[in-house]
There are 2 protein chains.
Amino acid sequence: MAIKNQASGGVSRQVLADHVYEALLVALMDGRLEAGTPVSIDGMARELDVSPTPVREALARLEATGMVRRMALRGYRVAPLFSPEELADLMDARLVIEPANAFMACKHADTQLTAQLEQAIEDLKAAPRGPSFAEFRAYWEADERFHRLIAEFADNQFLLSAYNALGGQVQRFRFFGGLGVTDADYAIAEHTEILKAFEAGDAELARQKMIDHIEGVKQRSQHDSEVRS
Amino acid sequence: MAIKNQASGGVSRQVLADHVYEALLVALMDGRLEAGTPVSIDGMARELDVSPTPVREALARLEATGMVRRMALRGYRVAPLFSPEELADLMDARLVIEPANAFMACKHADTQLTAQLEQAIEDLKAAPRGPSFAEFRAYWEADERFHRLIAEFADNQFLLSAYNALGGQVQRFRFFGGLGVTDADYAIAEHTEILKAFEAGDAELARQKMIDHIEGVKQRSQHDSEVRS
DNA sequence: GAAGCATAGATCCTATAGGAAATGCGATCT
DNA sequence: AGATCGCATTTCCTATAGGATCTATGCTTC
């Protein structure tokens, strides 16, 4: 067995498919699985030293995230990288959902939320900004956590599902795989503005600051993609 | 083999998991699988006369739609029915996404879209309105098609994913399983208003008419749930 | 040298077998 | 009577085997 259980006292029985899912996710974000390449079920099973059955289940779940695409009888492939146009579409979609999340979350805000948001910002400041995934993973995690907290505190399971469906919260970073973190200072400042609106309890302002933030991300990502090309 | 291929000339090889997925979907919407009941993998495999493997894969995909919930090592259960509060949340989420879809779709509208929307409305008028699933399936299909057309013509894959993630387009009807169609006349009128806005090319009006429609659905569903209780 | 075919391998898909844990039920003990 | 223990069944989970299809490589033939 290649993947061991955590040795924390009671052996918490784990489902192998979950480990496979995690392993695939890391491999995808790390860039070991490049966009467009096929993901063989049997091959991945051999590589992870498990049987094809849990691999199949993990891939079925991954498909819903958009990270991989499935063609019946043809297997799975890693989803292609975002084009600049698709990236703009993703930001447009975020502009639809996340400002609404911010508005609603602000109505339910309490000191617990603002404390957690502040912590996420602090972690963002402290995170390394290197180009490799191992380095900017902490950055990504803190950024994702900030937005997810807001989505969760909107207290609407369907909006949360919609937020999750964007999936780009993970995948968009694959676009910048070779660039690393380039806009940390802007993001930190914009996150802080959002936090201020939450602390003031001004839902309309929170909505607007979220719009400003995502517009900023959109413009900066467009600029980066131009530089890159 | 319990499920046969379609006999259309070339024997299009089909994946069994897709058939299982469809069968489960119909069973869920039909009410044969009641909310909260466990869905045994082995049991379902016996019932459909297939092996557990494709059932497992179909359930993994279904989980992403919210129709079933999974607990590791405990199996799958049919998701609970919506409470009135959750139904209101679903409508609030639709109010975030679908007006934006309408606005964007209107910018890409052409005669093909308006023709298809008109067809969907005509089908809505012609659909039977009985209480059983077999009867109102046509109604549901036409209603769903109207909204999906708009989501697709918004021409943003991420917004489409978000729309799909709501999943309520299917599941919400399970709430009314015992009621059948009660607001067809309102829905037809409101759909027609949206279509008019599309024909006029007025994106802002289309957004507003979509808001009006979903607000109407929300209020009527609230009323129905009160009558029912 | 180039085209066509055959065979071998890889891959997807499904079925089957078996281990591990949970659930249900009846018998036994206090 | 009520609680507890033990056994059988069910269920989930993983591994393995085999059929069908696609791909690729090498050989044969023109």
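Each chain gets a letter, A, B and so on, in the order its sequence line appears, and its residues count up from 1. Everything numeric here is computed off the predicted structure, so don't read it as measured data.
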> Using atom OH of B/Y76 as one end and atom C1' of C/dA22 as the other, report the distance to the nearest whole Å.
18 Å

> Please report, rounded to the nearest Å, how far the P atom of C/dT16 is from the CZ atom of B/R56.
16 Å

> Considering heavy-atom distances to DNA chain C, does B/D42 or B/P54 have its closest nucleotide positioned more toward the 5' end?
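Mapping each residue to its closest nucleotide by heavy atoms, the 5'-most match is B/P54.
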
> Give a yes or no on whether a salt bridge exists between A/D143 and A/R129, defined as a side-chain N under 4.0 angstrom from a carboxylate O.
no

> Does B/E152 reach the main-chain N or O of B/L149 with its side chain, forming a donor-acceptor pair under 3.5 Å?
no

> So does A/S51 get a side-chain nitrogen or oxygen closer than 4.0 Å to the phosphate oxygens (OP1/OP2) of D/dA15?
yes

> For B/S40 and D/dC12, is the shortest distance between a side-chain N/O and OP1 or OP2 below 4.0 Å?
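Answer is yes, contact under 4.0 Å.
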
> Over how many whole Å does the gap from A/H19 atom NE2 to D/dT14 atom P extend?
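For the pair A/H19 NE2 and D/dT14 P, the rounded distance is 9 Å.
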
> Examine D/dC12: is either OP1 or OP2 under 4.0 Å from a nitrogen or oxygen in the side chain of B/R77? Give yes or no.
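For B/R77, the contact criterion (side-chain N or O under 4.0 Å from OP1 or OP2 of D/dC12) is not met.
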
> Backbone N or O of B/S83 within a donor-acceptor pair of the B/E86 side chain at under 3.5 Å?
yes

> Looking only at atom types and distance, does a side-chain atom of B/D89 sit under 3.5 Å from a main-chain N or O of A/N156, one as donor and one as acceptor?
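No, the answer is negative, given that no donor and acceptor are paired below the 3.5 Å cut-off.
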
> Quick one: does B/S221's side chain have a donor or acceptor within less than 3.5 Å of a partner on B/V217's backbone?
yes

> Describe the nucleic acid contact of A/P52 in one word from base, sugar-phosphate, nothing, applying a heavy-atom distance below 4.0 Å.
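Here A/P52 touches the bases of the nucleic acid.
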
> Is B/V39 touching bases, backbone alone, or none of the nucleic acid, heavy atoms closer than 4.0 Å?
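If one applies the 4.0 Å heavy-atom cut-off, B/V39 turns out to touch the sugar-phosphate alone, with no base involved.
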
> Counting side-chain heavy atoms from CB outward, which of D/dC13, C/dC13, C/dT16 is closest to B/T53?
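The answer is C/dT16, which lies nearest to the side chain.
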
> I'd like to know if the side chain of A/H191 reaches the main chain of A/I121, judged simply by a donor and an acceptor atom lying under 3.5 Å from each other, with no hydrogens or angles considered.
no

> When you measure from the side chain of B/R69 to the backbone of B/A79, do you find a donor-acceptor pair of N or O atoms at a distance under 3.5 Å?
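No, B/R69 side chain to B/A79 backbone: no donor-acceptor pair under 3.5 Å.
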
> Identify all pairs in which a protein N or O lies below 3.5 Å from an N or O of nucleotides 22-24 of chain D, and state each distance.
none

> Please state how far atom CG in A/L16 lies from atom C1' in C/dG19, giving the value in whole angstrom units.
14 Å

> Could you state the CZ-C1' distance from A/R46 to D/dA15, rounded to the nearest angstrom?
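My rounded result for the distance is 15 Å.
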
